[in-house]
Amino acid sequence: MDVKLRTARSLVSKLRSVSEQNRSEALKELRLITKHDADSRPLVADAGAIPYLAETLFGSSPDFQDDAAATLLNISISCRHSLISTRGLLDAISHSLRHHSSPTSSATAVQSSAATLHSLLVVEDYRPIIGAKRDIVYSLIDIVKSPKSPPRSVKDALKALFGIALCPSNRASLVELGAVPALFTLVVNDGRLGIVEDATAVIAQVAGCEESADAFRRVAGVRVLADLLDFSTGSSLRSRENAVSALLNLSRCGGERAVVEVREEGLGVVDGIADVAENGGPKGKSKGVALMKVIDGGNRSISSIFRDPRFDSLLRQSSLN
């Protein structure tokens, strides 16, 4: 351990060097040891590397940015508190994300920066802190909606947005900053399976605030989500589970008009909702049953229209939950 500590301190001291070659060698070595040696991560953090790594993200060298951002991501696996407590760290990440389309920016540095946020957002207490950084939220949304963003950047941005949206107090800001049209554009226009699944996961969380109702209405969101539950669209089970969760959250938070809209569209895809209620994961099953109850409205609308004993069984189950 003493050898590892000395190595960490030596490499961090090189980050202060006036020699670009020394800094480059130190960055590459720090990237490697923090990737492959979990014991070295806290030693590198304690040696004072984080402020220098953060400062490097403001630089003009894509290679330096790439190594610094990757090292920060590696450190975040073991030392989240060290990162979030470093003054200027979030500003540096914001800078990296904000310049995602700049010719002097490294695409992989942008991806590592978004992934670092996702790692930090595992900690519930950090979600309101990061969500309050509107420049970060805006930049993540901008990455998602930019047609020039690489698929990996979009996926990492979506995962960070999901972590932010897990905090209820962040959802109104996500709506205000344009997350809803950006997310639904991905669902409608992007055929890549993983992208659609990740986008609908964020949509499901954002639906859990009253501000989402009007935003969903402007993009025909309820209809888009209902289409995902239509078997003819070939959506994955995960996307369908997310669609069920989004419709359920919208009906609970969007007011009576939203409930009416969910019922109207939901009646056309009861089979798809029932399939989630029967074949989804534990949460998916529970939410599928709950959504069927919302659509039924307590007046046996589903039973009177479809006369399917399978639906009756699920609705009876909902009354016990």
Side-chain angles (χ1 to χ4, degrees), residues 4-123 126 129-130 133 135-136 139-140 142-143 149-150 152-153 155-157 159-160 163:
K4 292 181 180 182
L5 180 58
R6 286 196 299 272
T7 299
R9 288 173 175 172
S10 174
L11 290 172
V12 171
S13 71
K14 289 183 179 180
L15 294 179
R16 299 191 290 266
S17 172
V18 296
S19 165
E20 284 197 3
Q21 182 176 346
N22 286 344
R23 294 202 304 274
S24 175
E25 291 173 354
L27 284 168
K28 292 186 183 304
E29 187 64 23
L30 285 168
R31 178 177 184 171
L32 283 174
I33 65 172
T34 55
K35 178 179 180 179
H36 297 293
D37 184 6
D39 292 338
S40 290
R41 293 169 191 155
L43 301 178
V44 169
D46 292 344
I50 296 173
Y52 293 104
L53 296 169
E55 184 181 345
T56 303
L57 296 184
F58 289 101
S60 58
S61 168
D63 289 340
F64 280 29
Q65 294 170 27
D66 188 12
D67 289 330
T71 305
L72 288 170
L73 173 58
N74 295 338
I75 292 172
S76 76
I77 298 170
S78 307
C79 310
R80 295 184 178 96
H81 179 72
S82 297
L83 285 180
I84 200 72
S85 61
T86 297
R87 184 176 181 179
L89 183 278
L90 292 180
D91 292 332
I93 289 177
S94 174
H95 177 86
S96 177
L97 298 174
R98 193 164 61 250
H99 292 83
H100 66 92
S101 59
S102 168
T104 61
S105 175
S106 161
T108 49
V110 172
Q111 293 156 17
S112 292
S113 294
T116 298
L117 287 178
H118 180 243
S119 177
L120 292 172
L121 288 159
V122 169
V123 182
Y126 299 166
I129 296 171
I130 295 171
K133 291 285 207 177
D135 49 342
I136 285 180
S139 296
L140 290 169
D142 194 56
I143 291 170
S149 293
R152 183 73 256 172
S153 296
K155 282 187 68 68
D156 285 327
K159 289 178 180 178

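This structure is a prediction, so every number in the text was calculated from the model and none was measured. For reference, positions follow the sequence shown, starting with 1.
Here the shortest heavy-atom pairing between Lys159 and Arg152 reads NZ-NH2, 3.7 Å. Closest approach of Gln65 to Gly59, counting heavy atoms only: NE2-O, 2.8 Å. Pairing each heavy atom of Leu140 with each of Ala114, the nearest pair is CD2-CB, 4.3 Å. Taking both residues in full, the closest heavy atoms of Ser17 and Asn22 are given as OG-ND2, 3.3 Å, listed atom of the first, atom of the second, then distance. Leu73 approaches Ser76 most closely through the heavy-atom pair O-OG, 2.6 Å. Closest approach of Tyr126 to His81, counting heavy atoms only: OH-CA, 3.3 Å.
Within 6.0 Å of CD on Glu55 lie no more than 12 heavy atoms contributed by other residues, nucleotides or ligands. More than 12 heavy-atom neighbours from other residues, nucleotides or ligands sit within 6.0 angstrom of NZ on Lys155. Atom CZ of Arg80 is surrounded by more than 12 heavy atoms from other residues, nucleotides or ligands within 6.0 Å.
Of the charged side-chain nitrogens involved, at least one lies within less than 4.0 Å of a carboxylate oxygen, so that Arg31 and Asp66 count as a salt-bridged pair.
Between the side chain of Glu29 and the main chain of Thr7, no donor-acceptor pair closer than 3.5 Å is present. A donor-acceptor distance shorter than 3.5 angstrom exists from the side chain of Ser105 to the backbone of His99, with no hydrogens or angles considered. Ser94 places no side-chain N or O within 3.5 Å of a backbone atom of Leu90 that could act as its donor or acceptor partner. Proximity of a side-chain donor or acceptor of Ser96 to a complementary backbone N or O of Ala92 within less than 3.5 Å is not detected. Put simply, the side chain of Ser10 never gets that close to the backbone of Arg6: no donor and acceptor are under 3.5 Å apart. Side-chain N or O atoms of Ser61 include one that pairs as donor or acceptor with a backbone N or O of Phe64 at under 3.5 Å. No donor-acceptor distance shorter than 3.5 angstrom exists from the side chain of Ser119 to the backbone of Ala115, with no hydrogens or angles considered. The backbone N or O of Gln21 sits nowhere less than 3.5 Å from a side-chain atom of Ser24 that would complete a donor-acceptor pair. A donor-acceptor pair under 3.5 Å is formed between the side chain of Ser149 and the backbone N or O of Ile143.
The CG atom of Asp67 sits 8.5 Å away from atom OG1 of Thr108, with the distance rounded to the nearest 0.5 Å.
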Could you go step by step and tell me if Asn74 and Val44 meet the side chain to side chain contact (heavy atoms under 4.5 Å, CB included) rule? CA-CA 11 Å; Asn74 295 338; Val44 169; over 6 Å; no
Passes side chain to side chain contact (heavy atoms under 4.5 Å, CB included), His100 versus Asp142? Steps please. CA-CA 9 Å; His100 66 92; Asp142 194 56; 2.8 Å; yes
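Considering only residues two or more places apart in sequence or on other chains, Ser139 meets the side chain to side chain donor-acceptor pair (under 3.5 Å) condition with none of them.
Side-chain contact between Leu27 and Leu53 is present, with heavy atoms from C-beta onward closer than 4.5 Å.
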